[in-house]
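Please read the structure below before turning to the comments.
Just so it is clear, the values below take in all heavy atoms, side chains as well, and ignore hydrogens, waters and symmetry mates. Every number for a ligand or one of its atoms is a count from 1 in the order of the listing.
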Amino acid sequence: MAFFTTLTSRTFSHSAMMSNSIKNVTVIGSGLMGAGIAQVAAQTGHSVIMVDIDDALVSKAQKRIQDSIQRVAKKKFGENEEASKFISESLSHLTTSTDAVTSVGSADLVVEAIVENLDIKKKLFMQLDKAAPSHTIFASNTSSLSIAKIADATDRKDRFGGLHFFNPVPVMKLLEVVRIAETSQDTYDAMCGWGKAMGKVTVECKDTPGFIVNRLLVPYMFEAVRILERGDASARDIDTAMKLGAGYPMGPFELMDYVGLDTGKFIVDGWHKEFPDESIFNPSPLLNKLVEEGKLGVKTGEGFYKYKK
Ligand SMILES: CCCCCCCCCCCCCC(=O)CC(=O)SCCNC(=O)CCNC(=O)[C@H](O)C(C)(C)COP(=O)(O)OP(=O)(O)OC[C@H]1O[C@@H](n2cnc3c(N)ncnc32)[C@H](O)[C@@H]1OP(=O)(O)O
Ligand SMILES: NC(=O)C1=CN([C@@H]2O[C@H](COP(=O)(O)OP(=O)(O)OC[C@H]3O[C@@H](n4cnc5c(N)ncnc54)[C@H](O)[C@@H]3O)[C@@H](O)[C@H]2O)C=CC1
């Protein structure tokens with residue numbers, strides 16, 4: 001815990017609209033994605049506030065960041081002094097809070113990475129819109145929801161977009177940058193500039209369900225679950241097949257467990273509601289049962305597979 005500083009005021013910057021000029025970043029949500037985004041932003045020299053709803057969740061995220069940043073440092077610098085310097089400098093850029101509204105007062109960019117639920121995200125952005133300076137750019141890391149529908153909660157649609165990162169954020173190189181009709185060119189350029197400053201390769205996508213990666217990845221996961229539910233093959237064999245036969249680093253069940261089955265269910269349920277005639281999005285009894293039992297994947301110690309805690 002000593003690595004982390006407490007919440008202090010940050011340098012106020014009016015220049016966020018310029019490409020690459022985002023300095024102060026507030027990340028809302030410190031779960032799998034929020035912690036990863038906050039970590040990489042801190043590693044790349046941004047002043048970061050990471051927010052969650054209570055201290056226990058923030059502490060859990062801090063622990064995850066410490067483990068991850070040590071892996072990053074080892075990869076970059078080996079075991080030498082540079083590694084400890086990199087870790088302490090990075091973590092000195094990161095503060096935490098349990099109050100989203102007061103954490104956006106000097107933000108150039110707010111990245112939201114809370115639960116995949118449209119109403120909850122809209123409620124949050126409505127509150128933040130009143131509290132953030134006018135220049136602040138808002139972005140959602142949503143996997144499946146419409147950015148335009150989320151942005152509807154605010155009066156800053158020209159300064160709103162999607163910044164969709166991939167899990168684990170410190171490792172995955174891609175960032176999907178999503179613009180809605182109202183997103184200004186300055187906002188889009190600033191989001192891309194920031195993505196590059198974060199060390200990511202950016203791709204542009206319109207506000208279409210699943211953007212690029214999830215539009216392809218989620219139907220693949222659906223099909224994997226259907227094969228299992230029909231009893232055509234076991235989860236283990238499907239995973240082995242996709243790793244050895246298609247060269248994927250993880251099989252679909254390993255990946256679903258890694259992403260979190262609660263997040264998977266939010267996506268499935270949302271798309272089923274939005275596209276009721278597309279049978280591919282019909283609910284999965286197996287997925288529903290696992291979520292009901294609290295078996296959410298790696299993060300709870302059990303999902304399709306069991307994990308050592
Ligand atoms: C019918 C209904 C069912 C429908 C279900 C629908 C479900 C819908 C789900 C939708 C999901 C949407 C999610 C989303 O929006 C977008 C995503 O993020 S998709 C996920 C994308 N991610 C992947 O695909 C990950 C694939 N896996 C990998 O790349 C690797 O397995 C991984 C890097 C995770 C781990 O690698 P592995 O070799 O297995 O393990 P190592 O531990 O050796 O790690 C390798 C390397 O990477 C470093 N590392 C790993 N994790 C971290 C970390 N957290 N922080 C820092 N560094 C990390 C590690 O140190 C190693 O480095 P070396 O230098 O190579 O040793
Ligand atoms: N899990 C994944 O692999 C990926 C998820 N995403 C998206 O990122 C978002 C977050 O997903 P995860 O990090 O996996 O979820 P998670 O469940 O691990 O974390 C979400 C966190 O947000 C917090 N939270 C909820 N409401 C909040 C509020 N009002 N203020 C502050 N914090 C709040 C929760 O307490 C929780 O700690 C979702 O929109 C998801 O679709 C995007 C890419 C990959």
Starting from [atom], locate the nearest protein heavy atom and write down its residue, its atom name and how far away it is, to 0.1 Å.
atom	result
atom 50 (C) of ligand 1	R71 NH2, 3.3 Å
atom 62 (O) of ligand 1	K75 NZ, 3.6 Å
atom 19 (O) of ligand 2	G31 CA, 3.2 Å
atom 28 (C) of ligand 2	I53 CG2, 3.7 Å

Between the candidates [options], which shows the shortest non-hydrogen contact distance to [atom]?
atom	options	answer
atom 35 (O) of ligand 2	V51, D52, L32, N214	D52
atom 17 (O) of ligand 2	Q127, K299, R64	K299
atom 19 (S) of ligand 1	L217, I65, I69	L217
atom 47 (O) of ligand 1	V171, N288, N167, V218	V171
atom 7 (C) of ligand 2	L128, N141, V27	N141
atom 12 (P) of ligand 2	E112, M256, M33	M33
atom 38 (C) of ligand 2	V115, L124, I114	I114
atom 15 (O) of ligand 1	P219, G264, S143, G210	S143
atom 42 (C) of ligand 2	S103, S143, A56, G36	S143

Contacting atoms of ligand 1, where contact means under 4.0 angstrom from a heavy atom of [X]:
X	answer
M221	7 (C), 8 (C), 9 (C)
M256	5 (C)
V225	1 (C), 3 (C)
S284	1 (C), 2 (C)
Y258	34 (C)

Do other residues, nucleotides or ligands put more than 12 heavy atoms under 6.0 Å from E81 CD?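 No, because the 6.0 Å sphere around CD of E81 holds 12 heavy atoms or fewer from other groups.
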
Is the number of heavy atoms from other residues, nucleotides or ligands under 6.0 Å of K243 NZ greater than 12? yes

How does [X] reach ligand 2, if at all, at less than 4.0 Å between non-hydrogen atoms: by side chain, backbone, both, or neither?
X	value
L57	side chain
N167	side chain
F165	backbone

Measuring to protein heavy atoms, does anything land under 4.0 Å from [atom]?
atom	answer
atom 55 (N) of ligand 1	yes
atom 8 (C) of ligand 1	yes
atom 36 (O) of ligand 1	no
atom 26 (C) of ligand 1	yes
atom 32 (C) of ligand 1	no
atom 39 (O) of ligand 1	no
atom 60 (O) of ligand 1	yes

Verdict with reasoning, K122 to D152, per salt bridge (charged side-chain N to carboxylate O under 4.0 Å, His left out): CA-CA 8 Å; K122 283 179 76 169; D152 263 345; 5.0 Å; no

Where do K289 and E293 land on the salt bridge (charged side-chain N to carboxylate O under 4.0 Å, His left out) test, with the steps shown first? CA-CA 6 Å; K289 180 171 176 285; E293 290 170 355; 3.1 Å; yes

Is there any N or O on T142 that sits under 3.5 Å from an N or O of ligand 2?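 N/O-N/O distance under 3.5 Å: no.
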
Can you tell me if A113 contacts ligand 2 (heavy atom of the residue under 4.0 Å from the ligand)? yes

Within-shell test, K123 vs ligand 2, heavy atom, strictly < 4.0 Å: no

How far apart are the C-alpha atoms of N288 and E292, what are their side-chain angles, what is the distance that settles it, and do they pass the side chain to side chain donor-acceptor pair (under 3.5 Å) test? CA-CA 6 Å; N288 288 347; E292 236 171 69; over 6 Å; no

Using modelled atom types and a 3.5 Å cut-off, is there a donor and acceptor pairing between side-chain atoms of R156 and backbone atoms of H135? no

Centroid separation under 6.0 Å, is that true for the rings of Y305 and Y258? no

Sole residue of N141, I267, D269, D262 in side chain to side chain contact (heavy atoms under 4.5 Å, CB included) with E116: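 It is I267; the other options fail the test.
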
Looking only at side-chain N and O atoms, does T183 offer a donor or acceptor that is under 3.5 Å from a partner on K157? no

